[in-house]
Number of protein chains: 2
Amino acid sequence: MQRADARFNRDRVVAAAREAFASAGLEVPMREVARRAGVGVATLYRHFPTRTELVATVLAERVEDCGVQVRRALDDPDPWRALSGVVREFAERQIHDRALNEALLGPGEVSAAFQRERREHAQALNVLVGRARAAGVLRDGVDADDVRAGLLAIASLRRLPAATSARVIGRVADLVLAGIRA
Amino acid sequence: MQRADARFNRDRVVAAAREAFASAGLEVPMREVARRAGVGVATLYRHFPTRTELVATVLAERVEDCGVQVRRALDDPDPWRALSGVVREFAERQIHDRALNEALLGPGEVSAAFQRERREHAQALNVLVGRARAAGVLRDGVDADDVRAGLLAIASLRRLPAATSARVIGRVADLVLAGIRA
DNA sequence: CCCACAGCGGAACGCCTGCTCCGTTTCCGG
DNA sequence: CCGGAAACGGAGCAGGCGTTCCGCTGTGGG
């Protein structure tokens, strides 16, 4: 039987981790997450037996957010606005959340749900690119992998000093859009 | 008086560090560099009192390489070929050297010579962009900062798993070039 | 040739990390 | 209201890092 305070503490841990990861990156120490949550490390480890699991939990939310966004774009009747909106909003998201970028870059650390979500995301993106291409708004030879590469490039930029990253991300997003447009 | 074997060992350390940083990234442990060089850690520390100094020494070489490349491009009479060549060769360099990317991204760790070289590099790039713009081969509104942002994006990509990074870097380089071209 | 001393290697120190152990506190069903 | 189980917190452990210390080695000027 799950006790009420346990559930409450779990939520506090997740909230603290979300905030810490977003502002300081995925490498923030477990002690620090526990401190921010106002619990001991043991409590943290009781809910998430390993660091990887905590990261995966928080990342799953972020990745799902991206999925929701892409699926919403599927409803937009204007193919270019839909695709460029996805790119721009993705860039915006990177500026405000340091964790997301490492979710897409780090080698292993993937959960099952995470993988599935990523696949759905890729598929939706394929559809968007297909529509844009059919509408003739894409430069010849541009495919979904090019767009994915562009998104990856935007995500990677999150590493540089915070002061400059925001402006650079914006420029690169524009560059990518200019690069795929007819 | 500097003994001959000391000088020899110093060279071995630099060579080992160069190779290690290129293949495994800047975060490779000092012990590992010493092991590769076939010396003890103390020998390493006698020549480079701190990790940062060793990194700076190796990075200075890399950054100078970039400078040489950009200055050579200044001799190319075709403005677009010169500029696109710089972008492409920069991308190529990233694929083969993991250290260079972190040189441009990491927050602090800069030496004096390093700073100067970077400024010269920036200036040469400004000239190349100026010429390309004068020749009318650039899309309206594109400036040197856009190109720099593109190079930064390419550099950042070096972080993802080696298997995919090469292909993605190539795609992004093409995307950037397409994005700045008229 | 020889021995002072520049130079060497690797054990050791201090710090930080992820993770575990265990005595104590808190919840909650009866 | 009470007792036992669930949950807690923080000290502690193992391992990895950068850096230092110190007794030994081998180079090279006299």
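Since this is a predicted model, take the numbers as computed values, not measurements. Throughout, a chain's letter reflects where its sequence line sits, starting with A, and its residues are numbered from 1.
Between the OH atom of A:Y45 and the P atom of C:dT17 there is a distance of 11 Å, rounded to whole Å. In this entry the distance linking CG of A:L54 with C1' of C:dC19 reads 13 Å, nearest Å. The separation between B:N9 atom CG and D:dT27 atom P is 11 Å, rounded to whole Å. Residue A:R51 contributes atom CZ, which lies 5 Å from atom P of C:dG18 at whole-angstrom precision. When rounded to the nearest whole Å, the span between CZ of A:R10 and P of C:dC27 equals 20 Å. Atom CE of B:M30 and atom P of D:dT19 are 6 Å apart (whole Å). Regarding B:M1, its CE atom lies at a distance of 20 Å from the P atom of D:dG26, rounded to whole Å. What separates CZ of B:R12 from P of C:dG7 is a distance of 16 Å, to the nearest Å.
Looking at every heavy atom in both residues, B:L54 comes nearest to B:M30 through CD2-SD, 4.1 Å.
When hydrophobic clusters are built by joining Ile, Leu, Val, Met, Phe, Trp and Tyr residues whose side-chain heavy atoms come closer than 4.5 Å, directly or via intermediates, A:V68 is not grouped with A:V87.
Contacts of B:A6 with the nucleic acid, taken as non-hydrogen atoms under 4.0 Å apart, involve only primed sugar atoms and P, OP1 or OP2. Within the nucleic acid shown, B:V41 comes within 4.0 Å of at least one base atom, counting heavy atoms only. Residue-level contact check: A:A34 touches neither bases nor backbone, having no heavy atom under 4.0 Å from any strand.
Taking 4.0 angstrom as the limit, A:H47 places none of its side-chain polar atoms (N or O) nearer than this to OP1 or OP2 of D:dA6. For the pair A:T43 and D:dA7, the criterion of a side-chain N or O lying under 4.0 Å from OP1 or OP2 is not met. Proximity of B:T50 to the phosphate of D:dG18: no side-chain N or O atom is located under 4.0 Å from OP1 or OP2.
Around CZ of A:R71, the count of heavy atoms belonging to other residues, nucleotides or ligands within 6.0 Å exceeds 12. With a 6.0 Å radius and a threshold of 12 heavy atoms from other residues, nucleotides or ligands, A:D75 has its CG atom above the threshold.
For the residue pair B:N126 / B:R148, a side-chain donor-acceptor distance below 3.5 Å is found, with atom types taken as modelled.
Proximity note for B:A42 (side chain, C-beta onward) versus C:dG7, D:dC21, C:dG18: the nearest is D:dC21. Residue A:D5 places its side chain closer to C:dC27 than to any other of C:dC27, C:dG7, C:dG18.
Checked options A:L59, A:V58, A:T57, A:T52; the residue passing with A:V55 is A:L59 (criterion: side chain to side chain contact (heavy atoms under 4.5 Å, CB included)).
A donor-acceptor contact under 3.5 Å is formed by the side chain of A:R31 with the base of C:dG18. Counting atom types as modelled, B:R3 pairs no side-chain N or O with a base atom of D:dG28 as donor and acceptor under 3.5 Å.
A residue-by-residue look at B:P29 and B:A4 shows that B:P29 has its nearest nucleotide of DNA chain D further toward the 5' end. Take the nearest nucleotide of DNA chain D for B:V28 and for B:Q2: the residue whose nucleotide is more 5' is B:V28. Of the two residues contacting DNA chain C, namely A:E27 and B:R46, the nearest-nucleotide position lying further toward the 5' end is that of B:R46.
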